[in-house]
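These numbers were taken from a predicted model, which means no experiment stands behind them. Every chain is numbered from 1, with letters handed out A, B, ... down the list of sequences.
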There are 2 protein chains.
Amino acid sequence: MYRISQLARKFGLSRSTLLYYDQERLLSPSGRSEAGYRLYSETDLERLAAIVSFRKAGLSVEETRAVLESQEGETSVLRKRLAAIGAEIRALQVQQHLLARMLRVQSEGGLPESVDKETWVAMLRAAGMDDKAMETWHAEFERRAPQAHHTFLLGLGIPEQEAQVIREWSAAAAPARSSRTR
Amino acid sequence: MYRISQLARKFGLSRSTLLYYDQERLLSPSGRSEAGYRLYSETDLERLAAIVSFRKAGLSVEETRAVLESQEGETSVLRKRLAAIGAEIRALQVQQHLLARMLRVQSEGGLPESVDKETWVAMLRAAGMDDKAMETWHAEFERRAPQAHHTFLLGLGIPEQEAQVIREWSAAAAPARSSRTR
DNA sequence: ACTAAACCGTGAAGCTGTAGACGGGTCAAT
DNA sequence: ATTGACCCGTCTACAGCTTCACGGTTTAGT
């Protein structure tokens, strides 16, 4: 049986966090000592391990409780979170390029946090890719992971609309090895 | 002169948000009507436009006030935020791959939100890149934008340590057109 | 002149997840 | 018994808003 601060240290959490989890009925200690201290069992410990990993994946306390309460196989919450992460990343990339433009850090030689379209193309060219190869590459990207392709394009600071256009002609290009290849 | 709700609609904000900005002394109306209504001038409107764009870039209310109060050229807050965004993106990418592994969505044919190392390499190969070309490309990436290179590698689900290793041999590889080229 | 709808101000409370302060309890060594 | 170091439970605060409640004001229409 662990007391609250011991358990907190064991998992690298703060005591407040465990108190909060108790309050929110996410993890309640299975017993109390005579003095009213919370006592956590081995079972509680296992549950906490699961909680920590879901929280690391960015689930809210409520979502975590939902996943743990529904018997295994309830993946809808996870899927929702995965989609949300994609959106968050894209939003941050927009912020990144907004700031980079404000600072004009890129052009002034400071080492950039993010890469823009021109730099990206230049790097691929340095590695020997030509226009045709890049087309093939975009087509492959669109075929295998359209969402990730979109995120990637925004990551280069390409605006929403232009990204759409690129994706459309990527999709239109003949897929590399589909059965429908003319 | 605008009244509070008019201004809010004009900028796609809620009345409450503007009340909050007033309370926090981020944007105070330059006048009041006889009945005590807040009246915003054209100057206020311009300030709000600036505020909105800084907030979109993820600055806190306090940071935004700091940037606006210091006369132009105070870029340290912006730089700090830019670095923070990079860290946030990397953290989200880790979450993304954590979840993808939990769901095993990748292998089961669902279209993935994120791309892993194998898929990435396969796409470059499909576009005609060989091992040597990839080395050149990593070296270029590391040379031009080390931070972004790191973020990129984590984005492929490559763990921190391995990313370090890749970056080290990228840096060691002879840069394409540095003056030191052997 | 009057009424109803839409506005305004102020103030308070709530939200998430965590950090910290407060006063009192426990325990080993003296 | 007492000191000191730690621990406990409870309560409050933080950002950045939103929502609610209360009562006064403006505006349009009759």
For atom CG of B:Leu18 and atom P of C:dC7, their distance in whole Å:
15 Å
Hey, mind stepping through A:Glu140 and A:Arg143 against salt bridge (charged side-chain N to carboxylate O under 4.0 Å, His left out) and telling me if it holds?
CA-CA 5 Å; A:Glu140 273 297 296; A:Arg143 188 175 67 82; 3.2 Å; yes
Report the C-alpha separation of A:Asp131 and A:Arg125 in whole Å, then their side-chain angles, then the decisive distance to 0.1 Å, and conclude whether the salt bridge (charged side-chain N to carboxylate O under 4.0 Å, His left out) test is met.
CA-CA 9 Å; A:Asp131 285 354; A:Arg125 275 199 206 293; 2.9 Å; yes
Report which part of the nucleic acid B:Ser14 touches: base, sugar-phosphate, or nothing (heavy-atom distance under 4.0 Å, all strands).
sugar-phosphate
Remember a base hit wins even if backbone is also touched, and classify B:Ser16 as base, sugar-phosphate or nothing at under 4.0 Å, heavy atoms.
base
What parts of residues 19-30 of chain A reach DNA chain D, counting only heavy atoms under 4.0 Å away?
A:Leu19
Side-chain ion pair, B:Lys117 and B:Glu162, N-O less than 4.0 Å:
yes
Each nucleotide of nucleotides 2-8 of chain D classed B (base within 4.0 Å of a protein heavy atom), S (only sugar-phosphate) or -, in 5' to 3' order, makes -----SS
In terms of side-chain heavy atoms, does B:Glu142 have a donor or acceptor partner in B:His150 at a distance below 3.5 Å?
no
If you measure from the Lys or Arg side-chain nitrogens to the Asp or Glu carboxylate oxygens, is any gap between A:Glu88 and A:Arg81 under 4.0 Å?
yes
Assigning hydrophobic clusters by single linkage (Ile, Leu, Val, Met, Phe, Trp, Tyr; side-chain heavy-atom cutoff under 4.5 Å), is B:Leu154 placed with B:Phe152?
no
Expected output is a numbered-order residue list: members of residues 47-68 of chain A with a heavy atom under 4.0 Å from any atom of DNA chain C. What is it?
A:Arg55, A:Ser60, A:Val61
Are A:Arg90 and A:Gln95 linked by a side-chain donor-acceptor pair shorter than 3.5 Å?
no
Out of curiosity, does B:Leu45 fall in the hydrophobic cluster containing B:Met1 (side-chain heavy atoms, cut-off under 4.5 Å, transitive links)?
no
In one Ile/Leu/Val/Met/Phe/Trp/Tyr side-chain cluster, 4.5 Å: B:Leu39, B:Leu19:
no
Going only through I, L, V, M, F, W and Y residues with side-chain contacts under 4.5 Å, is there a path from B:Tyr40 to B:Leu48?
yes
